[in-house]
Amino acid sequence: MYVWPGNSLALRKSCDFGLIMASSLLPSSSAQSAECEDAEVQFASALTAVRPPDTTKPPDPNSFPIPASASLYFQGGTLVLDGVGQQHAVHPAFQWIKARWRCEAFHLPALLPWLRENRIRNSAQRWRRLTLSLHDGRQPHDFQLEALRAWDKMGRLGSIVLPTGSGKTFVAIQAIKRVGASAVVVAPTIDLLHQWYARLVNAFCSPGATGDDAMTIGVYYGGEKQIEPITVTTYHSAGDLMADYGNRFKLMIYDEVHHLPAPSWGETALMSPAPFRLGLTATYPEAHEQMDGRWRVADLIGPIVYEKRIEELVGTRLAEYRTERVRVELTEAERAQYDADYAIYAHYFRTHQLPRTHGPNWYLELMRLGALDPEARRAVLARQRIQRLLAQATAKLQTLDNLLREHMHEQVLIFTESNDVVYQVAQRHLIPALTHETKAAERKAILDRFQAGEYAALVTSKVLNEGVDVPEAKVAIVLGGSAGAREYIQRLGRVLRKMGNRQAVLFEVIVRATVDEGRAQRRGRHPQNRQREAQHADR
């Protein structure tokens, strides 16, 4: 028997079968057709059998042809053959489990030629054709049309990578209109779910329409479960939605698709028979983020089909901008504390050569060792003290004071890595704070008042990094260089929405000769951050 690492959530949900061994990352798609029915081309390489046939072995002479009464149905994120026994010759994608031939629903497009050849009734797909009218009068920009054409050319499979603020949601709405069939959008947070819901209602729902003319958008998450031909869910809830209703959607859209490699979330793509898939992100995951038990995005929804960098859109579709690094010094007491803690921290990871043995994810190994090894635990605690010290460095807070005075007539977003610092800054400057602890109604009220100009500044940790529509601001201040490449790009995107000819500016306040500075320099060498920067070491 051919076995491969990992567990198939779909097969487990379908048949309550312990640890079914699942596919070791399927090959990437090279599909060219735009129609599900052209399955000989569609998913030609991506949807090969999860258990490749042994072509050196002659067919089993004792196997029987498929009965005329055979049918295929959807169950729990899998496809199940009915009326076909273990003695019959089946497609190699199937496994015999709990007295049925089963495979992940992901393989439906690749199975269609075999189903037709054997005259097997296909009752697995239940999506609907939709006649959609767009009520959004905006016309797509040239680059958005280019992205959609590239996606069409690749068989409506793959990811579109565009900067924050460039209209990825608008591109997805255009994709739904082009497909003209049931679709599901998977968003990373409930806030983004509600944002998608509002955008989809505005795009496709006619005010006052009733009966057959009324289009309703569904939402599926812990607090509400309403299934409609166009439905929005979260990564957390997508598994349950796909298990019960996955065969109702012809198009899957993954917003912020860099989350998809996570093991349980990647499984949701296997549980859907949708022939069309679209990923959206400003920060496509790096190779090391798609290894060690994590999924490869291209294997689940197709390759990158279109990409634009920030600098390609600046001045036309995004605001002109500059970034300024403001380097500050630690006080004498802060420097002594930093040096002592860094000696503990660095001694451990250098002695044990963690960066060499574990690559970019070596800190995860240090965290794991911290639960077992007292010396590793001392290193972890030392690093935590370093982060707290750098987050609250005296000179950083003084620089923030100066920048807020300098831009007192602008609307300003302030980012930190620590909730403690968020509340400290909020109290120090009497400005509202947004953290993961802020309730939805309060968050909306704060953002509404910021947009109305009642608040001149907001301070937040990470809740505005990703996806959430933020009212217009042209100044961002980042207190610290500890954010990675993805966070940096997301934060820059918060101030890049074009407003006339106004220039945006992002100030990054970092501590000289510390891990703050080292992280910022490494991020600057990152391919996604080779952008025009006006870096000022001192102001």
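Heavy-atom basis, side chains included; hydrogens, waters and symmetry copies ignored. Every value quoted in this text rests on a predicted model; they were computed, and no experiment measured them.
- In this structure, Ile301 and Leu278 have side chains that are not in contact, with every pair of non-hydrogen atoms separated by 4.5 Å or more.
- Pairing each heavy atom of Gly239 with each of Met271, the nearest pair is O-CE, 3.4 Å.
- Counting only distance, with no hydrogens or angles, the side chain of Arg277 and the backbone of Ala274 share a donor-acceptor pair below 3.5 Å.
- Between Leu434 and Leu447 the shortest side-chain heavy-atom distance falls below 4.5 Å.
- When side chains are defined from C-beta on, Val186 does not count as touching Ile253, because their heavy atoms never get closer than 4.5 Å.
- In this structure a side-chain-to-backbone donor-acceptor pair under 3.5 Å is missing from Thr78 to Glu104.
- Looking at residues two or more places apart in sequence or on another chain, you find a side chain to side chain contact (heavy atoms under 4.5 Å, CB included) between Ser237 and Tyr220, Tyr221, Thr233, Thr234.
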Candidate pair Thr231 and Val219, rule side-chain contact (heavy atoms from CB on, under 4.5 Å), full reasoning: CA-CA 5 Å; Thr231 296; Val219 291; 5.8 Å; no
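- No donor-acceptor distance shorter than 3.5 angstrom exists from the side chain of Asp373 to the backbone of Leu369, with no hydrogens or angles considered.
- Side chains of Pro188 and Leu193 form no contact here, defined as non-hydrogen atoms less than 4.5 Å apart.
- Ring to ring, Trp101 and His91 are not that close: their centroids are 6.0 angstrom or more apart.
- When atom types are taken as modelled, the side chain of Gln144 and the backbone of His141 share a donor-acceptor pair closer than 3.5 angstrom.
- Atom-to-atom distance recorded for Phe106:CZ and Leu79:CG is 11.5 Å, nearest 0.5 angstrom.
- Using a 4.5 Å heavy-atom cutoff, the side chains of Phe143 and Leu162 are in contact.
- Ring geometry for Phe94 versus Trp114: interplanar angle of 30 to 60°, hence tilted.
- Distance CG/Leu372 to CZ/Arg377: 11.5 Å, rounded to 0.5 Å.
- In this view, Arg178 and Asp152 satisfy the salt bridge (charged side-chain N to carboxylate O under 4.0 Å, His left out) rule, not counting sequence neighbours.
- Counting only distance, with no hydrogens or angles, the side chain of Glu365 and the backbone of Trp362 share no donor-acceptor pair below 3.5 Å.
- Residue His236 qualifies as open at atom NE2: its count of foreign heavy atoms under 6.0 Å is 12 or below.
- Two residues are said to be in side-chain contact when any heavy atoms from C-beta on lie closer than 4.5 Å; Val184 and Met242 meet this criterion.
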Go through the steps for Ile230 and Leu132 under the test side-chain contact (heavy atoms from CB on, under 4.5 Å), then give the verdict. CA-CA 11 Å; Ile230 299 177; Leu132 297 171; 4.2 Å; yes
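- Between the OG atom of Ser182 and the CD1 atom of Ile227 there is a distance of 11.5 Å, given to the nearest 0.5 Å.
- When all heavy atoms of Phe170 and Pro140 are compared, the pair lying nearest together is CE2-CA, 3.6 Å.
- Sorted by first and then second residue, the salt bridge (charged side-chain N to carboxylate O under 4.0 Å, His left out) pairs involving residues 65-79 (not counting sequence neighbours) form an empty list.
- What you find for Pro275 and Leu157 is that their closest heavy atoms are O-CD2, 3.4 Å.
- Between the CG atom of Asn122 and the CG atom of Leu111 there is a distance of 9.0 Å, given to the nearest 0.5 Å.
- Applying the side chain to side chain donor-acceptor pair (under 3.5 Å) criterion to Arg121, with sequence neighbours excluded, gives no partner residue.
- Checking Tyr235, Trp295, Tyr284 one by one against His259, the ring-ring contact (aromatic ring centres under 6.0 Å, His included) holds for a single residue, Tyr235.
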Go through it in stages, so that I can follow the logic: the residues are Ile173 and Lys177, the test is side-chain contact (heavy atoms from CB on, under 4.5 Å), and I'd like the CA-CA distance, side-chain angles, deciding distance and then a yes or no. CA-CA 6 Å; Ile173 288 171; Lys177 174 68 166 60; 5.8 Å; no
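- Rounding to the nearest 0.5 Å gives a distance of 6.5 Å between OG1 of Thr283 and CD of Glu256.
- No donor-acceptor distance shorter than 3.5 angstrom exists from the side chain of Asn118 to the backbone of Ile120, with no hydrogens or angles considered.
- Counting heavy atoms from C-beta on, the side chains of Ser461 and Phe415 never come closer than 4.5 Å.
- In this structure, the side chain of Thr357 engages the main chain of Gln353 through a donor-acceptor pair within 3.5 Å.
- In the model, Gln75 has a side-chain atom that pairs as donor or acceptor with a side-chain atom of Arg102 under 3.5 Å.
- Between atom SG of residue Cys205 and atom NE2 of residue His135 there is a gap of 7.0 Å, rounded to the nearest 0.5 Å.
- When every heavy atom of Leu300 is checked against every heavy atom of Ala269, the shortest pair comes out as CB-CB, 3.9 Å.
- Using a 3.5 Å distance cut-off with no hydrogens or angles, the side chains of Asn419 and Thr435 do not pair a donor with an acceptor.
- Of all heavy-atom pairs spanning Gly246 and Ser272, the tightest one is O-OG, 4.2 Å.
- The backbone N or O of Glu289 lies less than 3.5 Å from a partner atom in the side chain of Arg294, making a donor-acceptor pair.
- With sequence neighbours excluded, the residues that form a side chain to side chain contact (heavy atoms under 4.5 Å, CB included) with Asp82 are Ser71, Tyr73, Arg100.
- Side-chain atoms of His88 never come within 3.5 Å of backbone atoms of Val84 as a donor-acceptor pair (strictly under, hydrogens ignored).
- For Glu146, the side chain to side chain donor-acceptor pair (under 3.5 Å) test picks out Tyr306, with sequence neighbours left out.
- The two atoms that bring Trp196 and Ala172 nearest to each other are CH2-CB, 3.5 Å, heavy atoms only.
- Judged purely by distance below 3.5 Å, without hydrogens or angles, the side chains of Tyr254 and Thr268 pair a donor atom with an acceptor atom.
- Between Pro229 and Arg128 the shortest side-chain heavy-atom distance falls below 4.5 Å.
- Panel note: side chain Gln290, backbone Val297; a donor-acceptor pair is recorded below 3.5 Å.
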Determine whether Arg368 and Leu364 satisfy the following criterion, side-chain contact (heavy atoms from CB on, under 4.5 Å), listing intermediate values before the conclusion. CA-CA 6 Å; Arg368 186 188 71 80; Leu364 297 177; over 6 Å; no
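- In this structure, Phe249 has its ring center at least 6.0 angstrom away from the ring center of Trp127.
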